[in-house]
Amino acid sequence: MGPHPAVAAIRLAVRRVLHDVLTEHRTEHQQPAPPTAPDAHTPLVLVACSGGADSMALASALAFEARKLPVRAGGITVDHGLQDGSDTRAAEVAERMTALGLTPSEAVTVTVGREGGPEAAARDARYAALDAAAERHGAAAVLLGHTRDDQAETVLLGLARGSGIRSLSGMAAVSGTTRRYRRPFLQLDRQTVRKACVAQELAVWDDPHNTDPAYTRSRLRHEGLPALEKALGKGVVEALARTAQLSRDDADALDTWAADAETAVRDEAGALECAKLFGLPPAVRRRVLRRAVIAEGAPAGSLFARHIEEVDRLITGWRGQGTINLPGRVEARRQGGRLVIRQG
């Protein structure tokens with residue numbers, strides 16, 4: 001008799017990601033096909049585990065699949081220090097990961113700032129800690145437990161921000177500058193993942209922040225999405241996840257187009273020519289402008305659609321307007337048919 005269908009589903013999802021990591025590792029290091037048993041030279045894959053159902057299911061699947069592959073498996077849990085007893089809970093999560101067979105298994109404490117609001121600040125601190133842990137241990141990848149439901153919530157949050165097609169593309173299955181972060185469960189719904197925990201009798205912890213109406217994502221999860229499903233019927237989550245993938249494909253294509261067009265709209269001295277920029281489709285032109293502004297030092301996370309729209313008006317609605325101030329002390333102005341972007 002095989003495993004519970006939900007357990008089989010999470011294991012298959014993780015197995016596919018581990019095979020991808022192994023293939024990339026062999027290609028990078030120009031190694032032949034590895035032996036069946038791991039050694040010190042095989043890639044280390046970490047799971048980011050909060051102790052909740054999604055990440056505990058992911059940790060269990062990683063531990064199970066890694067035993068059958070030349071992969072070393074470990075786990076990291078991040079203590080944000082935002083609740084009483086969080087350090088004790090983090091230590092318990094690390095112990096649970098050790099019991100699953102994950103080595104190393106460690107708890108990392110972070111200090112959460114205030115920039116961007118509580119959710120964004122906690123996320124920034126968490127990813128900084130995961131990056132540091134991956135570097136410290138030389139990990140080839142870090143697995144994250146985001147599900148299809150999380151993807152749907154992310155798409156709706158992006159829609160509410162009105163930030164364009166990239167914000168509708170949600171979370172990528174593979175992300176990070178070194179393809180560090182992998183999300184095996186993006187095609188699985190939250191209910192399947194939770195069933196896998198029950199079937200394996202995994203102890204899980206439900207973060208009270210997930211039900212706290214003070215947090216935007218919590219309100220969306222417990223009020224917004226149920227209301228949408230009531231009005232539109234079941235299948236909303238799946239449709240939003242599908243929208244994310246289609247949007248990501250479109251956004252990637254436009255980004256490639258913009259990267260190719262960037263050279264063509266510059267003169268011999270490398271300055272951006274307004275007439276050539278005007279001839280580009282708006283979606284491509286704005287991407288060229290965004291890339292140029294970031295290249296001069298504007299932080300990508302602080303650069304919003306309204307900033308790029310202001311710069312775009314120097315091209316499409318030129319009325320002699322003055323210098324535009326952008327995040328990171330970057331300035332943009334039109335001068336002699338050229339668009340000048342530089343730090344002030």
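- Residues T154 and R217 bring a donor and an acceptor atom of their side chains to less than 3.5 Å of each other.
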Side-chain polar contacts of residues 331-339 - donor-acceptor pairs under 3.5 angstrom, sequence neighbours left out - could you list them?
from: R333; atom 1: NE; to: Q335; atom 2: OE1; distance (Å): 3.2
from: R333; atom 1: NH2; to: Q335; atom 2: OE1; distance (Å): 3.1
from: R334; atom 1: NH1; to: L314; atom 2: O; distance (Å): 2.7
from: R338; atom 1: NE; to: D267; atom 2: OD2; distance (Å): 2.7

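- By the neighbour-count criterion of 12 heavy atoms within 6.0 Å, atom CZ of R342 is sparsely surrounded, having that number or fewer from other residues, nucleotides or ligands.
- F304 and V288 fall into different hydrophobic clusters, where Ile, Leu, Val, Met, Phe, Trp and Tyr are joined by side-chain heavy atoms under 4.5 Å apart, directly or via other members.
- L144 places none of its side-chain heavy atoms less than 4.5 Å from the side chain of V47.
- Exactly one residue among V236, L220, L168, T243 makes a side chain to side chain contact (heavy atoms under 4.5 Å, CB included) with L156. That residue is L220.
- Rounded to the nearest 0.5 Å, atoms CD (Q200) and CD1 (I10) are 5.0 Å apart.
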Ignoring hydrogens and angles, write down the donor-acceptor pairs under 3.5 Å from the side chains of residues 322-330, residues two or more places apart or on other chains.
from: R329; atom 1: NH1; to: G344; atom 2: O; distance (Å): 3.1

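- The cluster map of Ile, Leu, Val, Met, Phe, Trp and Tyr, joined by side-chain heavy atoms under 4.5 Å apart, puts L188 and L18 in the same cluster.
- For CD of E24, the number of neighbouring non-hydrogen atoms (other residues, nucleotides, ligands) closer than 6.0 Å is greater than 12.
- Of the residues listed (R136, R180, R126), the one engaging D131 in a side chain to side chain donor-acceptor pair (under 3.5 Å) is R180, and it is the only one.
- In this structure, V198 stands alone, with no Ile, Leu, Val, Met, Phe, Trp or Tyr side-chain heavy atom under 4.5 Å from its own, directly or through other members.
- Within 6.0 Å of CD on Q321 lie more than 12 heavy atoms contributed by other residues, nucleotides or ligands.
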